[in-house]
Amino acid sequence: MYYSIRHLTKFAYKSQVSESIMETRMHPRSDANQRCLTFHLSVSPRCRVFSYRDHLANHVHHFDIPGQHGQLVIVAESLVEVEPALELPEALDETAWEDMDREVHESDFWEMLLPSAFAEATPALEALATEFDLRRKDDPLTVLRTLNKQLYEYFDYKPKSTKADSPIELALSTKAGVCQDFAHIMIALVRTRLQIPCRYVSGYLFHGEGAHDRSVASATHAWVECFLPELGWVGFDPTNNLLVTDRHIRTAIGRDYADVPPTHGMFRGRTKSELTVAVRVEPSLGVPELDRELPVPEDWSILVEKAQALPEQAAPAKRSNQQAQQQQQQAR
């Protein structure tokens, strides 16, 4: 399946800021059953964008805008091919727990077994694990399938009920949250009670016809991957009670959200900022066109054009005019 993805992010500042420094993780990964065929990142105000890969092979883009501006617009566009995931068995062999422990002991999974910033044991988490009777029994795959369903049924999906930096205690106390909270709670339970390597996945979910997903189509998505013997990393989506399919598109993996936020940065200035995000994922037969209609505010189309247009070439000026302009700039 091919997907065309457009991810727009807008930071609007109450007053002008003098500099913005930003890091993004919006470039879909190319591994397992997924390939990113094209990716383009536009920024307005215009600037030079650099990139690197972190230790988990996530694509990271970063840039610096050292000048006065009242807003920052980031447009990420990509074309991704996702093949169907391997069909999973109903259960694993009786020796699966021993096989998993042996593989974990012989490999390097410590990062995905230890507590992390948003996925750590708390009294409320321990109480939930007891209520779910979460322990090593049957086989790992069966236990994880059951936990995935339990979390889906126990928590309500409520957009804006938590924030990006909310601890899992908030979702545990209100029994409500967003995909990020579902993922963090499952990761913490799996690491502490089952000792199974578990990691956070940030990405997108295609909401096709007939899909009964609780997560919203206009936002990014998050789910969990657990390491199982013979199967490798298997994805679970507790928000929607799904095993990860070819509708899930991965952009980054990490211990939790703190490792893989879509945007992470800072600005210089004493003012407040307002964040707006719009995501659109569509089936595609080819490279997406850049002028397609988006479900975002009208003024964004102008901003996108500015971000992608080449700078205008100024006409040559007389020497006296050039000197006057330089003096004026120095006096400001």
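As the structure is a prediction and not an experimental result, all values here were calculated from the model.
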Report summary line: Which of His59, His61, His62 passes ring-ring contact (aromatic ring centres under 6.0 Å, His included) with Phe50? It is His62
Is [Y] close to [X] at the side-chain level, that is, under 4.5 Å between some pair of heavy atoms?
| X | Y | result |
| --- | --- | --- |
| Glu126 | Arg193 | yes |
| Val224 | Val190 | no |
| Val73 | Val43 | no |
| Lys149 | Leu147 | no |
| Cys179 | Trp223 | no |
| Pro197 | Val104 | yes |
| Arg136 | Met100 | yes |
| Thr239 | Tyr157 | yes |

For [X] and [Y], test the side chains for any donor-to-acceptor distance below 3.5 angstrom and give the result as yes or no.
| X | Y | value |
| --- | --- | --- |
| Asp108 | Trp110 | yes |
| Tyr204 | His7 | yes |
| His212 | Asn240 | no |
| His40 | Thr38 | no |
| Glu169 | Thr122 | yes |
| Ser284 | Ser4 | no |

Main-chain N/O of [Y] paired with [X] side-chain donor or acceptor, under 3.5 Å:
| X | Y | answer |
| --- | --- | --- |
| Ser218 | Val279 | no |
| Ser273 | Phe11 | no |
| His264 | Pro261 | no |
| Gln180 | Ala222 | no |
| Asp181 | Ala171 | no |
| Asn33 | Asp246 | no |
| Thr174 | Leu170 | yes |
| Asp139 | Leu92 | yes |

Requested in this report: I would like to know whether Glu23 and Thr263 meet side chain to side chain contact (heavy atoms under 4.5 Å, CB included); could you show each step before the answer?
Outcome: CA-CA 6 Å; Glu23 190 175 78; Thr263 58; over 6 Å; no
Requested in this report: Start with the C-alpha distance between Asn58 and Arg29, add both sets of side-chain angles, then the distance that settles side-chain hydrogen bond (donor to acceptor under 3.5 Å, both in side chains), and finish with yes or no.
Outcome: CA-CA 7 Å; Asn58 298 315; Arg29 294 173 62 92; 2.6 Å; yes
Report task. Cation-pi check, Arg35 to Tyr2: give yes when NZ or CZ is under 6.0 Å from the six-membered ring centre and within 45° of the ring axis, no otherwise. Result -> no
Query raised in the report: Step by step, would you call Phe182 with Tyr152 a ring pair (Phe, Tyr, Trp, His ring centres under 6.0 Å)?
Result: CA-CA 8 Å; Phe182 283 78; Tyr152 172 81; 7.9 Å; no
Can you measure from [atom1] ([X]) to [atom2] ([Y]) and round to the nearest 0.5 angstrom?
| X | Y | atom1 | atom2 | value |
| --- | --- | --- | --- | --- |
| Leu8 | Met26 | CG | CE | 9.0 Å |
| Phe236 | His248 | CZ | NE2 | 11.5 Å |
| Phe267 | Ser18 | CZ | OG | 10.0 Å |
| Cys226 | Ile196 | SG | CD1 | 6.0 Å |
| His69 | Ile65 | NE2 | CD1 | 5.0 Å |
| Ile249 | Leu205 | CD1 | CG | 8.0 Å |

Quick check: are there more than 12 heavy atoms from other residues, nucleotides or ligands sitting under 6.0 Å from [atom1] of [X]?
| X | atom1 | value |
| --- | --- | --- |
| Arg268 | CZ | no |
| Glu94 | CD | no |
| Glu98 | CD | no |
| Lys137 | NZ | yes |

Report task. Take Arg25 and Asp54 through the side chain to side chain contact (heavy atoms under 4.5 Å, CB included) test and state the conclusion after the steps. Result -> CA-CA 10 Å; Arg25 286 174 172 82; Asp54 63 18; 3.8 Å; yes
Write down the atom of [X], the atom of [Y], and the distance for their closest heavy-atom approach.
| X | Y | answer |
| --- | --- | --- |
| Ala176 | Thr162 | O-CG2, 4.3 Å |
| Pro89 | Leu141 | O-CD2, 3.2 Å |
| Leu41 | Ala76 | CD1-CB, 3.8 Å |

Query raised in the report: Do Tyr154 and Leu128 pass the side chain to side chain contact (heavy atoms under 4.5 Å, CB included) test, and can you show the C-alpha distance, the side-chain angles, and the key distance before you say yes or no?
Result: CA-CA 10 Å; Tyr154 186 84; Leu128 181 64; 3.7 Å; yes
Using a strict cut-off of less than 4.0 Å between a Lys/Arg side-chain nitrogen and an Asp/Glu carboxylate oxygen, indicate whether [X] and [Y] qualify as a salt bridge.
| X | Y | result |
| --- | --- | --- |
| Asp256 | Arg191 | no |
| Arg250 | Glu225 | yes |
| Arg280 | Glu282 | yes |

Query raised in the report: Do the rings of Phe39 and His27 sit parallel, tilted or perpendicular, given the 30° and 60° boundaries?
Result: parallel
Report task. Could you walk me through whether Leu194 and Leu189 pass the side chain to side chain contact (heavy atoms under 4.5 Å, CB included) test, one step at a time? Result -> CA-CA 7 Å; Leu194 303 178; Leu189 287 170; over 6 Å; no
Report task. Treat each ILVMFWY residue as a node, draw an edge where side-chain heavy atoms are under 4.5 Å apart, and state whether Val260 and Leu56 are in one component. Result -> yes
Requested in this report: Check whether Leu88 and Trp97 end up in the same hydrophobic cluster, where Ile, Leu, Val, Met, Phe, Trp and Tyr are linked by side-chain heavy atoms less than 4.5 Å apart.
Outcome: yes
Report task. Walk me through it: do Ser20 and Tyr13 pass the test side-chain hydrogen bond (donor to acceptor under 3.5 Å, both in side chains)? Result -> CA-CA 11 Å; Ser20 289; Tyr13 306 111; 3.3 Å; yes
Query - CA sep, side-chain torsions, deciding dist, call: Asp156, Arg214, salt bridge (charged side-chain N to carboxylate O under 4.0 Å, His left out) - result: CA-CA 9 Å; Asp156 292 327; Arg214 294 197 296 187; 5.0 Å; no
**Report entry** Partner of Tyr3 under side-chain contact (heavy atoms from CB on, under 4.5 Å), chosen from Leu79, Leu37, Val281
**Finding:** Val281
Query raised in the report: Could you walk me through whether Phe118 and His184 pass the ring pair (Phe, Tyr, Trp, His ring centres under 6.0 Å) check?
Result: CA-CA 6 Å; Phe118 291 106; His184 284 156; 5.2 Å; yes
